[in-house]
Amino acid sequence: MIGPMMNGPEDRSTRPGHPPVLDVRGLTKVYGEGEATVHALRGVDLVVERGDYVAIMGSSGSGKSTLMNIVGCLDVPTTGRYLLDGVDVSRLNDRQLALVRNRLIGFVFQAFNLIPRTTALANVELPLAYAGVPAAERRRRALAALDMVGLAARAGHEPNQLSGGQQQRVAVARALVTEPALVLADEPTGNLDSRSTADLLAIFDELNAAGRTIVLITHEPEVGSRARRLIKLFDGQIAADVRQGGPARGSAADRMLDQPTVPMERIR
Amino acid sequence: MSLFEILRFAARGVTANKLRSALTTLGVLIGVGAVILLVAVGNGSAKQITDRIAALGTDTLTVQSTSRGGASNTAITVETAKALRDPVLAPDVKSVSPVVSASATITYQGSDHSVQQFVGTYPSYFGASNTPVGTGAAFSDEDVAQGRRVLVIGQTVAEELFPGVEPVGAEVTVGGSLFTVVGVLEEKSSSSGFQDANDVAVAPLTAVQQTLTGYGPVSSVVVEATGSDRVDEAQAQVAAILDQRLKVSATTSGAANRSNSSPYRIQNASQLLETQTETADTFTVLLGAVAGISLLVGGIGITNIMLVTVTERTREIGIRKALGAPRRVILTQFLAEATMLSLTGGGLGVAAALIGSQFTIVGVKPVVVPSSIVLALGVSVAIGLFFGSVPASRAAGLRPIDALRYE
């Protein structure tokens, strides 16, 4: 198995005050029983540090969506350990999980998943409402998030009055508004045209430049190439983990290390 | 997240799909409204029957001869009737009014009117049969004794014969004899059966016997008891006297077929009332059953819409869970939505039923039964809440990814 080399526990022990945002150990996921058993994940180890921009690529059936759903606390692994921001998620109850989804994770879906017949503003306010933020501040922060994705003028529009690109930008605003430790995007550009894709990727670059940790899934190479770290999944296992030149904060050292399929030590 | 916020979410959820919400509300409305209104109609018709019988007088007995033809020894005559007025043998009998009736045509100044019931009786009849005299006066015992040809007419007769003319004092011809109208009966609101209770004329027994019927047996005897609670005693006393006078005994007629061979029949108004009330109650139960079925159908309608709604919204529940909504918040929101829809529909249904009950439906003035409101509202709201919240609870219990993938 080819994987990140210096991401072991000893690596974290050197920085006890800053646990990685994501620390996944020996993750497996099995669907079905008996002859219909499908091993979606066959032991995945992954550590993502704060401020990183990771793209996960892989053919369909490689387990990338499964990994993303487990990382986003939408699904539970069959075996393995998952620390999110230093917290062991598998030990949390339903209420605490809801809190984790609300505070630590911002999720962007391929299918946008906005609440229908509800304005863009109300959609963006939703996670804040579940977080118990007062109405006035909720509105202010939601408008600011919409402004960041360039949709402040469309705050009053309902999802069916927005284009796909606009809907996805609303979804990104909704993922950002709680200022989560981790932004997860499951093929965010999968349903978008090239123009909207470019817009969205620009927003992600900006976010990462501002220090936000982003993990996204894609099967488009040009989307994967924008990330600072590219992970390739094959058959439920990590086949490659490459550090590459990120567009925003890409340093000379990062660019030098931009060599596909060669495992790299991360530089921070 | 505060309850107020959740309620606002629920209100937004209800108003987001107006057509669906309106249809759900309509389903509850019809279910609740139908139950309340149908029960009210059943109750109203029962009350109508009760009123109608009460108008006949609840403290009276009607004795009728069952023998046909001229079996003179068992016929009820005026003498038989007089014998019932016996303070010793029948202390609970207040008055006895033998009645002969005929159909006759009354003529007044060229116009004539065929009276359905031309009654010859005693003055006590007016009190016993609950037909008070409106204008003018009733005839007296003296009139009966003298056989004076005086007449008290019903409202219908007065309207037919004397349009715009004061009938009291007018001379009319009945079967070739002159009668003087001395009074007009008060209008009777309830018409019993197909007969117009106001198409009636009442004259002294003797006068009618002289001019129309002859001195044969009487048609019936109206016996008034001293009170409505003494009716059964009065009936027993009357029966005892009649058995004695008409030579009816257990030895001659036999116990088994006594009721068949008895030459007379006593109708008890309070018994009639009981029977009719039972009939009316059966009617109410029947309508209630129909209403119950409509409530059931309405309930299934609510169930269906609620299930479809929640199934359709399982994805939405998945999204909300992915955004960090706790299970409790989602449950509360869906419960609140279901409550709003059921209560709005139920409230409108009650309002519709109350408005509808102000009108006369198929000749019946509905009388709303308060318990039917509670029942209908309770059942529909319970159904709405149950089927609104149980599938939502199931959906909220799913892993977010399963809810999101739900088709």
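Chain letters run A, B, ... following the sequence lines, proteins first and then strands; every chain starts at 1.
- Residue contact with chain A, scored on non-hydrogen atoms closer than 4.5 Å, involves the backbone and the side chain of B:R327 alike.
- Residue A:V100: no heavy atom, backbone or side chain, is found under 4.5 Å from chain B.
- Within a 6.0 Å radius of NZ in B:K365, more than 12 heavy atoms belonging to other residues, nucleotides or ligands are found.
- Among the candidates B:A16, B:A325, B:G13, the residue making the largest number of heavy-atom pairs closer than 4.5 Å to chain A is B:A325.
- Using a 4.5 Å cut-off between non-hydrogen atoms, the part of residues 114-128 of chain A that approaches chain B consists of A:L114, A:I115, A:R117, A:T118, A:A122, A:L126, A:P127.
- Closest approach of B:R399 and A:L74 over heavy atoms only: CB-O, 3.7 Å.
- Residue pairs meeting the salt bridge (Lys or Arg N to Asp or Glu O under 4.0 Å) criterion with at least one partner in residues 20-38 of chain B, sequence neighbours excluded, are B:R20-B:E312.
- We find the OG-CZ distance between A:S65 and B:R405 to be 7.5 Å, quoted to the nearest 0.5 Å.
- B:P326 and A:A98 make their closest contact through CA-CB, 3.8 Å (heavy atoms, listed as atom of the first residue, atom of the second, distance).
- When heavy atoms are compared at a cutoff of 4.5 Å, A:D94 approaches chain B solely by way of its side chain, counted from C-beta outward.
- Proximity to chain A (any heavy atom under 4.5 Å) is shown, for B:R320, by both the backbone and the side chain.
- Among all heavy-atom pairs drawn from B:K321 and A:R101, the shortest one is O-CD, 3.2 Å.
- Annotation: side chain of B:E316 is not in contact with side chain of A:N113 (no heavy-atom distance under 4.5 Å).
- Within a 6.0 Å sphere centred on CD of A:E137, heavy atoms belonging to other residues, nucleotides or ligands number more than 12.
- Inter-residue side-chain proximity for B:L323 and A:R174 is flagged as met; some heavy-atom pair is nearer than 4.5 Å.
- Distance check, rounded to the nearest 0.5 Å: CZ of A:F112 to CD1 of B:I319 gives 12.0 Å.
- The two residues B:P400 and A:C73 make their nearest non-hydrogen contact at CG-O, 4.3 Å.
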